[in-house]
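Worksheet for the structure shown next.
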Amino acid sequence: MTEPNTPLLNCIDNPAQLRELPSDQLEQLSEELRQYLIHSVSDTGGHLAAGLGTIELTVALHYVFNTPDDRLVWDVGHQTYPHKILTGRRERMQSMRKKGGLSGFPKRDESEYDTFGVGHSSTSISAALGMALAVQHKNQDTQVVAIIGDGAMTAGMAFEALNHAGDLDANLLVVLNDNDMSISPNVGALSNHLARILSGKFYASMREGSRKVLGVMPSVWELAKRTEEHMKGMVVPGTLFEELGFNYIGPVDGHDINTLVKTLKNLSQLKGPRFLHVVTKKGKGFLPAEENPCVYHGVGKFHPESGKLEKSVPTGPTYTQVFGDWLCDMAAHDDRLIAITPAMREGSGLVKFSEQYPERYYDVGIAEQHAITIAAGLACENLKPVVAIYSTFLQRAYDQLIHDVAIQNLPILFAIDRAGLVGPDGATHAGSFDLSYLRCIPNLCIMAPADENECRQMLSTGYLHDGPTAVRYPRGQGLGVDVKKDLEPIPIGKGQLLRKGESIAILSFGSLLSQATQSADVLNASLANMRFIKPLDKQLIFELANKHDILVTIEDNAVLGGAGSAINECLLNAGHNTPVLNLGLPDRFLSHGSRDELLAESGLSADGIIRQVEAFLRDNSNVKHPTQTPLFRV
């Protein structure tokens, strides 16, 4: 046992050591953990506000449950930095989100305490239910806990899992981390006392005993059941979860470590589906994050005392800002425009639009499927929906994209942000597959801008097109070109020949034009900015194939099934036999790191492109157009 006020956190290398502390030292440990998190993230950047809100909850969970034997399944991962610090990774926090360092999200191959890898929201209850069922099948005495945020509870998947868990009577604890509201008066001492009573063995046994005794008298049992629901409903908003088959407890003050520990201990002794509602404050204990949790949700480096952010020198607008400006300009021009986002207002650049046109803005929550189909309904009534969505999140609504939009050929513009590599957020957030999964869909027009101005032009092109369109653009800044303020479209399906060379032609799709240009200069290659993935500029493709010995395609997308594959198919179908080298993201999941590091790892830096082209030429030095059969390499 340590003396009072002796620093505790540096002595905690795993949760087993945490569980050796007396409960009266947990408050001190929580405060040390909070300060460590602030100073750590101030130096590395990353997710801060959510983790600050889960300090006491994380300590209590690891204190009560025998982790890693008991399973904690975290949702999304923004709230898990304190969990990482307590589970043997404290000394590695300086490597957070850096290449070769810690992931910003739970990752199974990083720690045995990370029971389920997450990046997308609202998966925790389903995954935890699967684990609970596995425990049941194996007759193990293992506790399974899902920790989910209030934002994640807006997704239908979470309620699908709750509905199934309640129906199965699974031995599962779901903890709702509710940080969307301040701690209201009914989450004070009386409510905490009630939560401890409701989670205790006496109440549970009395409830079960009453069910058995009164169950033989249905009218009396129904009256008792209604009375219980009425009394609980007066104090807690648990009726919905009770109806789904859960024993609802809460709300509990998520920053009262003693109440949390006592309530969790009681709940750990109960069986069946249990639901604990914990109310926390996002950014708790760090005033700048409390006052502006959106800014400090995912943050760069900052001063740990003042919270002042380190400002990078801007070199021009980001693609996201270009989209946000275009959206407001087009909305002023056309009052039919409606903007929709699945809970990504800030990330997708919709703040200004939501303020200027609140009646034409819909944030549907973390419900990507619903976002697509509500857009389809709006389009059916001759409005013009624009769905702002990350590439990786659009994957979750693939059926709706096909069934509800493309089959009906509805004029909806998909503004797809974070296409290609996203750097520190890693594989779960990379937009590596959109060209592959989009280009096989009939009726869909797909564009990839090479710079910021072209992004604006393509957004206008897609908006004015009478059918579904997708404009996919990367995270961050572009080439620094001047962005015109007009709303003029570009011809659909037309690329640009930017440079004439000799035997090699480079066909560039999207944001890697700078690397392609540098490569073309060194290789004395022709260079085309293809702009459209669907429809392809076949005239330009055939012209380049007829005049060059080798074609090289470059894209910031999975090379399998991507834009390069579309070129291969186009040439084969037309009987052309020009050899093609397809360059893109490799057939593996790339971990986190800076975008430049990941491009270099993928062979998509200018040097990497040149090396791969030269190797291809050496390997096929006897190939001369057009005498050989088609030859492709990926």
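Below, all heavy atoms of this structure are taken into account, side chains as well, without hydrogens, waters or symmetry copies. Since we're looking at a predicted model, the values are computed, not measured. For the single chain, residues carry numbers from 1 onward in sequence order.
The one candidate from Arg418, Arg595, Arg475 that meets the salt bridge (charged side-chain N to carboxylate O under 4.0 Å, His left out) condition with Asp425 is Arg475. Among the candidates Lys84, His592, His47, the single residue satisfying the side-chain contact (heavy atoms from CB on, under 4.5 Å) test with Phe105 is His47. When each of Thr54, Asp253, Asp150, Asn177 is tested with Thr280 by the rule side chain to side chain donor-acceptor pair (under 3.5 Å), just one qualifies, namely Asn177. No option in Lys284, Arg34, Lys281 other than Arg34 meets the salt bridge (charged side-chain N to carboxylate O under 4.0 Å, His left out) test with Glu56.
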Checklist line | Worked check of side chain to side chain contact (heavy atoms under 4.5 Å, CB included) between Leu72 and Thr115 | finding: CA-CA 7 Å; Leu72 301 184; Thr115 59; 5.5 Å; no
Note to self: Is there a side chain to side chain contact (heavy atoms under 4.5 Å, CB included) between Val145 and Arg71? Walk through the geometry before answering.
What the structure shows: CA-CA 6 Å; Val145 184; Arg71 312 291 196 244; over 6 Å; no
Checklist line | Verdict with reasoning, Gln28 to Leu8, per side chain to side chain contact (heavy atoms under 4.5 Å, CB included) | finding: CA-CA 8 Å; Gln28 177 189 336; Leu8 300 173; 3.6 Å; yes
Check: What's the verdict on side chain to side chain contact (heavy atoms under 4.5 Å, CB included) for Phe353 and Phe323, showing C-alpha distance, side-chain angles and the deciding distance?
Finding: CA-CA 10 Å; Phe353 181 90; Phe323 165 72; over 6 Å; no
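Gly104 and Tyr81 get closest at one heavy-atom pair: O-CE1, 3.5 Å. Minimum heavy-atom separation, Ser268 to Gln143: O-NE2, 2.6 Å. Closest approach of Asp434 and Asn557 over heavy atoms only: N-OD1, 3.3 Å.
In this structure, Arg360 forms a cation-pi arrangement with Tyr357, its terminal cationic atom sitting closer than 6.0 Å to the ring centre and no more than 45° off the ring axis.
With no hydrogens or angles considered, no side-chain donor-acceptor pair links His429 and His120 at under 3.5 Å. Side-chain polar atoms of Ser591 and Lys107 form a donor-acceptor pair below 3.5 angstrom.
With contacts defined as side-chain heavy-atom distances shorter than 4.5 Å, the pair Thr428/Thr392 does not qualify. Contact check for Val387 versus Leu413: no side-chain heavy atoms found under the 4.5 Å cut-off.
A donor-acceptor pair is defined here as one N or O able to donate and one able to accept, closer than 3.5 Å; no such pair exists between the side chain of Tyr390 and the backbone of Met344. Between the Ser354 side chain and the Val351 main chain, a donor and an acceptor come within less than 3.5 Å of each other.
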